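Heavy atoms only: backbone and side chains are in, while hydrogens, waters and symmetry mates are out. These numbers were taken from a predicted model, which means no experiment stands behind them. Chain identifiers are assigned alphabetically (A, B, ...) following the order of the sequence lines, protein sequences preceding nucleic acid strands; residue numbering begins at 1 within each chain.
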Protein chains: 2
Amino acid sequence: MTRQLPYCYKHPHPAVAVDLVIFTLRDDSLHLLLIERGAAPFRGQWALPGGFVRINENLPDAAQRELREETGLSQGYLEQVGAFGKPDRDPRERVISVAFFAIISADKVALHAGSDAHRVEWRPCSDLPPVAFDHREIIEAARLKLSDKINRTTTIALEFLPREFTLTELQRVFEAVRGESIDKRNFRKWAESLSFIKETGKMRRGAQHRPAALYKAKLARR
Amino acid sequence: MTRQLPYCYKHPHPAVAVDLVIFTLRDDSLHLLLIERGAAPFRGQWALPGGFVRINENLPDAAQRELREETGLSQGYLEQVGAFGKPDRDPRERVISVAFFAIISADKVALHAGSDAHRVEWRPCSDLPPVAFDHREIIEAARLKLSDKINRTTTIALEFLPREFTLTELQRVFEAVRGESIDKRNFRKWAESLSFIKETGKMRRGAQHRPAALYKAKLARR
DNA sequence: TCAAAAGTGTTTGCTATACACCCATGA
DNA sequence: TCATGGGTGTATAGCAAACACTTTTGA
């Protein structure tokens with residue numbers, strides 16, 4: 001018995017996990033990463049990537065580790081959404097989940113099917129399948145937090161974009177996150193006042209229309 | 001051995017606690033509740049009230065329970081701040097703390113010294129003593145969240161006040177939370193546009209100055 | 001030459017801020 | 001009568017939103 005269950009406590013302890021809501025922009029719309037669960041419970045259902053926190057691991061480190069395991073990315077914006085702990089949210093045992101949201105730019109992702117997952121897929125936020133556990137609730141909280149955050153801390157919009165980007169691409173980020181379209185002239189006037197981006201002098205050519213000026217962050221990222 | 005440590009798991013589990021940042025307004029300034037710890041670790045030091053989450057208890061319920069144990073109040077605004085989980089934040093064992101902030105009106109408090117606390121005191125936010133664990137960090141996060149929240153969700157300002165209040169008292173709430181003074185005429189003009197308060201028709205008399213009109217929430221609280 | 005996105009200004013209304021004096025009361 | 005907070009209006013500047021046409025390219 002002690003062989004199989006070697007960690008003993010005076011009082012009952014819950015397990016603690018991290019779950020990740022990983023956002024990206026594809027085809028001008030907000031997507032997030034779901035995995036198809038390869039093990040019970042909820043085997044075969046879609047769910048957020050996540051896993052248990054190691055006993056000496058900081059919460060953001062655990063989130064970072066899961067992010068790397070699912071996407072191959074070792075950097076990317078990460079922010080805590082909060083703790084979710086309804087007693088029956090996991091049928092196995094009491095599990096408190098600390099949710100994080102992450103933002104990554106679509107051009108940098110290499111998806112890895114994890115050991116306990118069949119498939120890993122980007123799904124549009126506007127059309128999500130049913131998800132396991134209380135992950136729907138976590139996703140809603142993360143979306144709220146993200147749209148709050150992008151309004152306050154405009155710079156994180158850049159996390160969705162490659163190093164060089166056009167103003168229209170930047171506009172699409174705000175439109176996707178806010179879920180509404182923005183007037184082009186008003187947006188560009190407002191973007192001029194942003195102090196954290198600058199023109200590169202280069203142009204993006206090759207499309208069947210007028211070339212677009214390329215911008216980048218003033219402070220180098222990544 | 002099994003007698004003393006009867007709860008056994010295959011993997012190590014952290015303990016999970018809730019900690020409370022309980023705000024109130026006293027003498028026109030923001031205060032929060034601290035307890036003097038009566039037991040190790042940090043015996044004799046000031047700390048936030050809190051305790052372990054029971055194995056079948058929802059997180060907000062645990063916070064509500066702690067709030068009641070410390071203040072005698074069974075209602076009051078409660079909102080999660082987030083999870084704090086540095087591996088060494090508690091010297092006893094790995095403890096993940098889920099912090100909540102609460103708002104209560106000073107006129108309703110009956111402080112109870114808990115079983116593991118010597119003293120329970122209101123302390124001004126502007127002049128806090130050193131606190132145990134990572135509670136300073138939790139307090140800062142809670143203050144940020146509170147001032148965010150009061151700007152977005154104006155109605156929670158009422159949580160600081162008795163059922164009937166004057167406009168000056170309401171102004172003091174915003175001033176204390178924002179940490180800056182507000183022009184009286186601008187405030188009152190803005191307050192007129194609030195749809196969730198109304199005049200009672202009554203006046204607060206008895207002070208050595210002109211009586212003040214009393215207001216209350218349009219929707220009955222408590 | 002056509003389709004498709006890039007780029008560009010002005011007007012209007014609302015909201016935030018600055019600012020100073022008289023009023024009603026209790027001691 | 002005096003100290004104390006209660007109560008009131010106007011002017012200005014800055015920001016958000018509405019709104020339409022010309023330009024440049026690749027196919």
Can you tell me the distance, in whole Å, between the [atom1] atom of [X] and the [atom2] atom of [N]?
X	N	atom1	atom2	value
B:Arg205	D:dT4	CZ	C1'	15 Å
B:Trp190	C:dC14	CH2	C1'	16 Å
A:Arg178	D:dA16	CZ	P	10 Å
B:Arg204	C:dT25	CZ	P	16 Å
B:Asn151	C:dA16	CG	P	11 Å
A:Arg210	C:dA6	CZ	C1'	5 Å
B:Gln171	D:dG5	CD	C1'	11 Å
B:Ile182	C:dA16	CD1	C1'	12 Å

For atom NZ of B:Lys86, decide whether the heavy atoms of other residues, nucleotides or ligands shown that lie under 6.0 angstrom number more than 12.
no
Do the ring centers of B:Trp190 and B:Phe174 come within less than 6.0 Å of each other?
yes
Looking only at side-chain atoms of B:Asp183, point me to the closest of C:dC19, D:dT8, C:dA6.
C:dC19
D:dT8 phosphate, OP1 or OP2, under 4.0 Å from B:Arg185 side-chain N/O:
no
Examine C:dA5: is either OP1 or OP2 under 4.0 Å from a nitrogen or oxygen in the side chain of A:Thr168? Give yes or no.
no
Which residue is it: A:Lys198, A:Lys216, A:Arg204, A:Lys202? I am looking for the one with a salt bridge (Lys or Arg N to Asp or Glu O under 4.0 Å) to A:Glu164.
A:Lys202
Does NZ or CZ of A:Arg123 come closer than 6.0 Å to the centre of the six-membered ring of A:Trp46, within 45° of the ring's axis?
yes
So which one's nearest nucleotide on DNA chain C is more toward 5', A:Asn186 or A:Gln208?
A:Gln208
For D:dT10, does the base pair up with any side-chain atom of B:Lys189 as donor and acceptor (N or O, under 3.5 Å, distance only)?
yes
